[in-house]
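Quick note on labels: first sequence line is chain A, next is B, and so on, each numbered from 1. Please read all numbers here as calculations on a predicted model, not as lab measurements. Computed from heavy atoms alone, side chains included, the values below leave out hydrogens, waters and symmetry copies.
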Amino acid sequence: MIEIILHAFILTGMIVSAILVFKFKDLISAAVAFGLFSFLLAIEFYLLQAPDVAIAEAAIGAGLTTAAFMIAIRGTTKTEGDEA
Amino acid sequence: MNDIFFIAIAVLGLLILFAALRLAIGPTAPDRVVALDTINTLVVGGMILLAVYLGQTIFVDVAIVYALLSFLGTIAISKYIGGEL
Amino acid sequence: MIQTAAMICLGIGILFNTLGVIGILRFPDVYTRLHAETKMTTFGTIFLALGVIIYAGWMLSGTNDSQYLTLAIHTAIAVIALAFTNATGSHAIARAAHRSGQLPDPSVVDRLAEVKSRD
Amino acid sequence: MIRLLATAIAAFVAYLFLTAGSGTIILWSESELIIGCILAIIVGIASYRIFCRTGSVRMANPIRLILLPVYAIIPLFIEMARANIDVAIRVITGNVKPGIVRVNTGMKTDLGMLLLANSITLTPGTLSVEIDDATKQLYVHLINVPDELRDKKVVEARELFSFFNIPGWIRRIAE
């Protein structure tokens, strides 16, 4: 019962961060907001008692995907909608 | 004792939402990275407390992996912003 | 008695974490926000972990179950890793912010910008 | 050879910390010890070029290894507590006078610079921003610049701390 409060916090944060990813025009900010989404997803898996999935999500979502996004953004323009 | 751990976890969850406010309004990209770093630290603390609350010692390992790997994302973003990548 | 000590540690940790988050919402520019973030949340998390370690030691002396020893040691390792990576990460953010041309906004002295403008 | 051995021993100690409390031989079980030895040798072969990059094994001296946790627990922690209370008061009152000053460290090795930069970031209302490799000087952001530091071109590292001689401790540990 009491854990419903925690689930509510984390799911609210996930929805807000997903909206932020959609809204930001600056691609670095969007990548940062996606990092927040991954963190909250990892802690949600953790709350649902799946630590192995949480480790994978933390390693891939928070660490490697952000680094891969940075390398990808380096090859494009910095903000969404620019004609280079 | 378990109730106290739960209160601490709930406060940390609220703090994560407040830090996400800075991530939403922060005028420049470095501000947002600062907010993300804060959230990292709070999440690691929350994971340690949750492991105690749920009574599963193995869950602390997730916190160790998280503390070591969340650093990678921060470094990658900083390198890009500083123009070194 | 020991339970009270663990509770006090948790309380101090939550207090410093709260002040750190208020700091990043309140301070005027990136560098001062980094001060609030890197010092206060690291210190707060150290105290949270100290509370957990005291609790684990109390349970270990009560039940003699070796999983509480594992809990204490792993918590200590997580906090040591966190202290190192936080300090290094905030250094990286500050350096990146200064290189991207964001100067400290209310500032009384800035030796680094003087050196850069001379080059 | 000695670099490989140092790396393998460090990896084995880390493994022992992570698996403490698994069995009856002091704290560890037999299988954990055997697997730990094998993994430590593999890790040592794979990463000794990175772990002991310069070839100096100065840090293998046991006195330095004992001094490092003592430094972390007593002087660093007290300075951290003082700095945190200071920053907490500034969070509440909103009274800041930030600025970047140039600090002369006096360190000779990379490890000393790393420890000093991390200590500066964690302790007294300061944050290391940029490093000058040629002269071993740090550019440090202070949250509140005192009047006597404002007009100096170069500040000594000792003047930033209040109770302990942190650069002296680091010099004793790392150099």
Side-chain angles (χ1 to χ4, degrees), chain A residues 2-3 5-14 16-17 19-21 23-24 26-40 42-75 78-79, chain B residues 2-3 6-7 9-21 23-37 39-40 42-44 46-47 50-51 53-54 56 58-81 83 85:
Chain A
I2 200 165
E3 288 178 15
I5 305 171
L6 270 182
H7 283 291
F9 277 156
I10 290 163
L11 293 174
T12 315
M14 276 173 70
V16 170
S17 60
I19 293 172
L20 286 180
V21 175
K23 214 190 74 185
F24 284 147
D26 183 13
L27 288 180
I28 303 173
S29 306
V32 172
F34 184 75
L36 172 63
F37 182 82
S38 295
F39 291 153
L40 294 175
I43 210 170
E44 178 69 30
F45 280 139
Y46 190 90
L47 262 182
L48 294 172
Q49 312 240 346
D52 42 355
V53 187
I55 285 185
E57 179 62 35
I60 296 169
L64 297 179
T65 314
T66 315
F69 273 148
M70 284 304 124
I71 294 170
I73 291 171
R74 188 184 55 169
K78 207 178 166 192
T79 56
Chain B
N2 248 350
D3 290 345
F6 185 79
I7 293 168
I9 295 162
V11 174
L12 282 182
L14 259 183
L15 290 181
I16 289 173
L17 289 190
F18 276 115
L21 191 64
L23 197 147
I25 63 177
T28 61
D31 287 308
R32 296 194 168 110
V33 185
V34 172
L36 190 73
D37 218 33
I39 291 171
N40 277 339
L42 295 178
V43 164
V44 172
M47 277 182 172
L50 263 175
Y53 175 70
L54 297 173
Q56 304 267 6
I58 194 82
F59 281 23
V60 185
D61 295 7
V62 185
I64 298 176
V65 173
Y66 205 81
L68 288 173
L69 275 171
S70 62
F71 172 63
L72 190 64
T74 309
I75 292 291
I77 298 173
S78 309
K79 285 270 182 192
Y80 179 73
I81 293 172
L85 190 74

Pick one of side chain, backbone, both or neither for B:Phe71, based on which atoms fall under 4.5 Å of a heavy atom in chain A. neither

Under 4.5 Å from any heavy atom of chain B, what part of A:Ala33 do you find: side chain, backbone, both or neither? both

Under a 4.5 Å heavy-atom cutoff, which of A:Leu6, A:Ile71, A:Leu64 has the most pairs with chain B? A:Leu6

Taking all heavy atoms of B:Leu36 and all of A:Gly35, pick out the closest pair and write down the distance. CD1-C, 4.1 Å

At their closest point, which heavy atom of A:Pro51 faces which heavy atom of B:Phe59, and how far apart are they? CG-CE1, 3.3 Å

Side chains of A:Leu48 and A:His7 in contact at under 4.5 Å (non-hydrogen atoms): yes

For a quick test of reading the model, state the closest non-hydrogen atom pair linking B:Tyr80 to A:Arg74 and the distance between them. CE1-CA, 3.8 Å

Please examine the side chains of A:Met70 and A:Ile73, heavy atoms only from C-beta on, and report whether any two atoms are closer than 4.5 Å. yes

Heavy-atom proximity to chain B below 4.5 Å, by part of A:Gln49: both

B:Ile7 CD1 to B:Tyr53 OH distance, which is reported to the nearest 0.5 Å: 10.5 Å

Count the heavy-atom pairs under 4.5 Å between each of B:Ile16, B:Leu72, B:Leu68 and chain A, then report the option with the highest count. B:Leu72

Can you name the nearest heavy-atom pair linking B:Ala24 to B:Arg32, along with the distance? O-NH2, 3.7 Å

Part of B:Val65 within contact of chain A (heavy atom distance under 4.5 Å): side chain

B:Ile25 CD1: over 12 foreign heavy atoms closer than 6.0 Å: yes

Applying a strict 4.5 Å limit to non-hydrogen atoms, the region of B:Leu54 in contact with chain A is side chain

Could you look at B:Ile75 and say if it's the side chain, the backbone, both or neither that has a heavy atom under 4.5 Å from chain A? neither

Among A:Ile19, A:Ile55, A:Val16, the residue with the most heavy-atom pairs under 4.5 Å to chain B is A:Ile55

B:Ile39 portion near chain A, given a 4.5 angstrom heavy-atom threshold: side chain

Largest heavy-atom contact set with chain A, pairs under 4.5 Å, which of B:Asn40, B:Asp61, B:Asp31: B:Asn40

Is it the case that atom CZ in B:Phe6 sees more than 12 heavy atoms from other parts of the structure closer than 6.0 Å? yes

Turns out that what part of B:Leu17 lies under 4.5 Å from chain A's heavy atoms comes down to side chain

With a 4.5 angstrom heavy-atom cut-off, which part of B:Ala19 approaches chain A: side chain, backbone, both or neither? neither

Closest-packed option against chain B by number of heavy-atom pairs under 4.5 Å, given A:Thr66, A:Thr12, A:Leu36: A:Leu36

At a heavy-atom separation under 4.5 Å, does A:Leu20 approach chain B through its side chain, its backbone, both, or neither? side chain

Please report the closest heavy-atom contact between B:Ile81 and B:Ala29, naming both atoms and the distance. CD1-CB, 4.1 Å

Who among B:Leu69, B:Val43, B:Ile77 has the most heavy-atom pairs with chain A under 4.5 Å? B:Ile77

Between B:Tyr66 and A:Ala42 the two heavy atoms that sit nearest each other are CE1-CB, 4.2 Å

Proximity breakdown for A:Leu40 and chain B, heavy-atom pairs closer than 4.5 Å: side chain

